[in-house]
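The block underneath contains the structure these notes are about, expressed in structure tokens.
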Amino acid sequence: MPVRINPSILAADFAHLARELDRISSADAVHVDVMDNHFVPNLTFGIPVVERLLQVTELPLDMHLMITDVDRWAPSFAELGVFSVTFHAEATDEPVALARRLRQIGARAGLAIKPGTPVEPYLEVLDEFDQLLVMTVEPGFGGQSFMPETMGKLVAAREVASRSGLDVWLQVDGGINLQTIEVAARAGADTFVAGSSVFGADDAGEQVGLLRQKALEHTHVA
Ligand code: DX5
Ligand code: ZN
């Protein structure tokens, strides 16, 4: 099973974003956390920053929208030409309709769920998404500790994906480091977001490689 490592620029030096992206050229994508101070108690990037990032990096942009008004904003991000747009299930009543819109625009569609949100209601519509993001911390801030109690949701999603032959990527985000990545990989994740553990390392590129190696060593077996 292929694995993907997506560093989160929430932990990067915002005064030198282009330089920070050069440090992670071996990554699979750049994870960009958009927060609106409504869905989560924090504020980060918006459209103009993402437009500029697209001009300075070859890496695909993996957008994670932690915002309430996804029906308005998710398509706007997709139209910029980003690789994937992940919105929260808790933020819309029509996740399938929104995913279809995103795919139609040409972006991969992702559905995210907070630690307290059950995965079951979404398993039956998993084929409508390219990616399921199981949050492994409460969204809003980097540098928090991984919550192992979220792993059951990955196991369940992996089971459905395998059984139905779906090529849906299972992403984890929050507190991923060289230890916790093993746990998440074993539970069925194949796409790993890591902020502090990558940008906090002296050699961010090397850290991406080490994370990738750990994930591959502990990849899920049915
Ligand atoms: C948290 C964000 C994460 C965050 C992860 O709300 O969605 O992407 O950057 O940071 P670490 O890896 O430091 O937990
Ligand atoms: Zn994120």
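Whatever order the structure lists ligands and atoms in, that order sets their numbers, starting from 1. Numbers here are sequence positions counted from 1.
Between M66 and the options V34, T86, V40, a side chain to side chain contact (heavy atoms under 4.5 Å, CB included) holds for only V40. With D36 as reference, T68 is the one residue of N42, T44, T68 to meet the side-chain hydrogen bond (donor to acceptor under 3.5 Å, both in side chains) rule.
Note on ring orientation: taking the six-membered ring where Trp is involved, the planes of F14 and F45 are perpendicular (angle over 60°, cut-offs 30° and 60°).
Closest to the Zn ion (ligand 2) among the N, O or S atoms of H64 is ND1. Looking only at N/O/S atoms, D33 comes nearest to the Zn ion (ligand 2) through OD1. Sorting the N, O or S atoms of D173 by how far they are from the Zn ion (ligand 2) puts OD2 first.
The protein heavy-atom contact nearest to atom 14 (O) of ligand 1 is G175 N, 2.8 Å. Remark: minimum distance from atom 13 (O) of ligand 1 to any protein heavy atom is reached at S196 OG, 2.3 Å. Of all protein heavy atoms, the one lying nearest to atom 12 (O) of ligand 1 is G195 N, 2.7 Å. The shortest contact between atom 1 (C) of ligand 1 and any protein heavy atom is with F141 O, 3.5 Å. In terms of protein heavy-atom proximity, atom 5 (C) of ligand 1 is closest to D173 OD1, 3.5 Å. Regarding atom 6 (O) of ligand 1, its nearest protein heavy-atom neighbour is G140 N, 2.7 Å. The closest protein non-hydrogen atom to atom 10 (O) of ligand 1 is G142 CA, 3.5 Å.
Those atoms of ligand 1 with a heavy atom of G174 less than 4.0 angstrom away are 14 (O). Counting atoms of ligand 1 from 1 in the listed order, those under 4.0 Å from a heavy atom of H31 are 8 (O). The contact set between ligand 1 and P139, taken as ligand atoms under 4.0 Å from a residue heavy atom, comprises 6 (O). In summary, the atoms of ligand 1 found under 4.0 Å from a heavy atom of A194, numbered by their order in the structure, are 12 (O). Counting the atoms of ligand 1 from 1 in the order shown, those under 4.0 Å from a heavy atom of H64 are 7 (O). Residue M66 has at least one heavy-atom neighbour below 4.0 Å for each of these atoms of ligand 1: 6 (O), 7 (O). Of all atoms in ligand 1, listed by their number and element, those nearer than 4.0 Å to a heavy atom of L10 are 4 (C), 9 (O).
D190 and R158 are joined by a salt bridge, as a carboxylate oxygen and a charged side-chain nitrogen come within less than 4.0 angstrom of each other. Checked for salt-bridge contact, R103 and D130 meet the test: a charged N lies under 4.0 Å from a carboxylate O. A salt bridge is absent between R101 and D71: the closest approach of a Lys/Arg side-chain nitrogen to an acidic carboxylate oxygen does not fall below 4.0 angstrom.
T219 contributes no side-chain N or O that, together with a main-chain N or O of A215, makes up a donor-acceptor pair within less than 3.5 Å. Looking at D173, its side chain never comes within 3.5 Å of a backbone N or O of M135 through a donor-acceptor pair. In terms of modelled atom types and a separation under 3.5 Å, the side chain of S164 and the main chain of V160 share a donor-acceptor contact.
A donor atom on one side chain and an acceptor atom on the other are found under 3.5 Å apart for R52 and Q55.
Not a single heavy atom of A11 lies less than 4.0 angstrom from ligand 1.
No more than 12 heavy atoms of other residues, nucleotides or ligands sit less than 6.0 Å from atom CD of E94.
Residue-level proximity to ligand 1 for S8 is carried by the side chain, the only part with a heavy atom below 4.0 angstrom.
Note that K214 lies outside the cation-pi zone of F192, set by a 6.0 Å cut-off to the ring centre and a 45° limit from the axis.
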